[in-house]
Amino acid sequence: MYNINAIRLDFPALHQQVYNHPLVYLDNAATTQKPKIVIDTLLEYYNKQNSNIHRGVHYLSQQATTAYEEARKTIQIFINAEHSHEIIFTRGTTESINLVASSFGKQFLKAGDEVLITAMEHHSNIVPWQLACEERQTKLKVIPIANNGELLINDIDKLLSKKTKIVAVTHISNALGTINPIKEIIKKAHQQNIPVLIDGAQALPHIKIDVQELDCDFYCFSGHKMYAPMGVGILYGKEKWLEELPPYQGGGEMIENVTFDKTTYNELPYKFEAGTPNVGDGLGLAAAIKYMNTIGLGNINSYELSLLDYATKKLKKIEGLRIIGEAHEKAGVISFIIKNIHPSDIGTILDKLGIAVRTGHHCAQPIMDFYKIPGTVRASFALYNTFEEIDIFVEGIIKAKKMLE
Ligand code: 7TS
């Protein structure tokens, strides 16, 4: 039994009024609200444990170091990584991808090589590769999408070649909700010994990830989209790749020995964790994982899919509403437009009704160009949303449409 009432009580931010309406929070792809256990973990850390880690002989430092390394293990187990030193703490998905693009670029990309991404990437999985490609005179190639928002998977065979040095693909599109067949993509790339990076920012909150089963080489995600604090994220990398990549940033615990002539680098994972780490938020991420585990990823997934199905059916009944992204495999994201009404006008009216959605290009401008639209209204679901909230949302859209037509 999915006890939605009990779950909602875990999230203090959900129980507030916005412009005299109960908050209906449907902007979860941007960031999720935080359960009390995560907030309490931060309070506990700053009330009792706060200390710089790895370098202290004193009690608090040792406590904080142990807690931080335990958090790393919790994350390792959650995504089934083989080793805990394959889990690198970063600020989020964006930093994780920048790390790989920069370090992989320096080590492996040269003039004439190619990097392969898809047409549905978030800017965070486009721009870091463009920067690396510009620096190395490498070409960025793009796997196209079909009108329904699915990847044209057969085009991958044509696009992969001896020149391809890495493939970088989003697991779930933040603008369309499409779940990509990443296992198939990884298999195709590996047949030609090409490594694959997965942008999992939108996947971790919704589906169970097993990096060994996927056999991906890198997997990136953000804590704040999966009920954890902002400012912490993860780069998973296979040991053999992380060993081969040069450091991304210098300073702090990433060194083994420093002289003015030469510096040698620390072992994994510390080689990639320069400067004082974000300990409190790292503990918050582990707390969020434990919270999700108590509900169960399978339960979360099937509940969210029923919300998606319910909302999609109701929205389709609204005359003139066009859903952008109708892939067969979708996560709890619905993007839509209504005739020629500007998405931000709809978003503004919904806001006054206490309904939080996102409008615009969702940091995926090439997708908007593909559909020749300025942007969409996007509702994205989390484990705490309800069917009643979807009813309120749909009524709000009907009201907005009447006002704007
Ligand atoms: N990749 C995807 C697929 C994303 O959806 C996002 C953020 C990022 C990368 C970047 O994550 P960050 O935590 O490093 O910022 N997506 C969104 C969104 O859809 N609305 O706001 C942020």
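All figures in this text were calculated on a predicted structure; none of them were measured in a lab. Numbering of ligands and ligand atoms starts at 1, following listing order.
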What are the atoms of ligand 1, with element, lying closer than 4.0 Å to any heavy atom of [X]?
X	answer
Ala29	17 (C), 18 (C), 19 (O)
Ser222	11 (O), 12 (P), 13 (O), 14 (O)
Gln202	3 (C), 4 (C), 5 (O), 16 (N), 19 (O)
Thr170	3 (C)

Tell me whether the rings of His85 and His83 are parallel (<30°), tilted (30 to 60°) or perpendicular (>60°).
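Answer is parallel, since the angle falls under 30°.
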For the 3.5 Å polar cut-off, considering only N or O atoms, please tell me whether [X] and ligand 1 meet it.
X	result
Asp199	yes
His362	no
Ser124	no

Would you check whether Glu121 reaches within less than 4.0 Å of ligand 1, judged by its heavy atoms?
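So Glu121 does not count as touching ligand 1.
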Does a side-chain N-to-carboxylate-O contact under 4.0 Å join Asp113 and Arg136?
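Not counted as a salt bridge, because no side-chain N and carboxylate O are separated by less than 4.0 Å.
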Working note: Lys106 + Glu135, criterion salt bridge (charged side-chain N to carboxylate O under 4.0 Å, His left out); need CA distance, chi angles, decisive distance, verdict.
CA-CA 9 Å; Lys106 281 195 191 100; Glu135 211 178 276; 5.7 Å; no
Have a look at ligand 1 and work out which part of Glu95, if any, has a heavy atom under 4.0 Å from it: side chain, backbone, both or neither.
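Near ligand 1, Glu95 shows nothing, with every heavy atom at 4.0 Å or more.
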Which segment of Thr94 sits under 4.0 Å of ligand 1 when only heavy atoms are counted:
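Thr94 to ligand 1: contacts from backbone and side chain alike.
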Thr65 and His54: side-chain donor and acceptor closer than 3.5 Å?
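Their side chains do not contain a donor-acceptor pair, so the 3.5 Å distance test is not met.
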Measure from the ring center of Phe221 to the ring center of His171 and say whether it is less than 6.0 Å.
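Phe221 vs His171: aromatic centres not under 6.0 Å.
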Is the ring centre of Phe381 less than 6.0 Å from the ring centre of Tyr303?
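Aromatic pair excluded; centres sit 6.0 Å or further apart.
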At what distance is the nearest protein heavy atom to [atom], and which residue and atom is it?
atom	answer
atom 4 (C) of ligand 1	His122 CD2, 3.4 Å
atom 19 (O) of ligand 1	Arg378 NH1, 2.6 Å
atom 17 (C) of ligand 1	Lys225 NZ, 3.1 Å

Just distance, no hydrogens or angles: give the donor-acceptor pairs under 3.5 Å from side chains in residues 140-150, sequence neighbours left out.
unit_1: Asn148; atom_1: OD1; unit_2: Glu150; atom_2: N; d: 2.9
unit_1: Glu150; atom_1: OE2; unit_2: His328; atom_2: N; d: 2.8
unit_1: Glu150; atom_1: OE2; unit_2: His328; atom_2: ND1; d: 2.9

Can a cation-pi geometry be assigned to Lys36 and Tyr291, taking NZ or CZ under 6.0 Å from the six-membered ring centre and within 45° of the ring axis?
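Ring-cation test returns no.
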I'd like to know whether Lys183 forms a salt bridge (charged side-chain N to carboxylate O under 4.0 Å, His left out) with Glu213, so could you lay out the CA-CA distance, the side-chain angles of the two residues, the decisive distance to 0.1 Å, and finally the verdict.
CA-CA 9 Å; Lys183 214 172 160 187; Glu213 206 234 334; 2.9 Å; yes
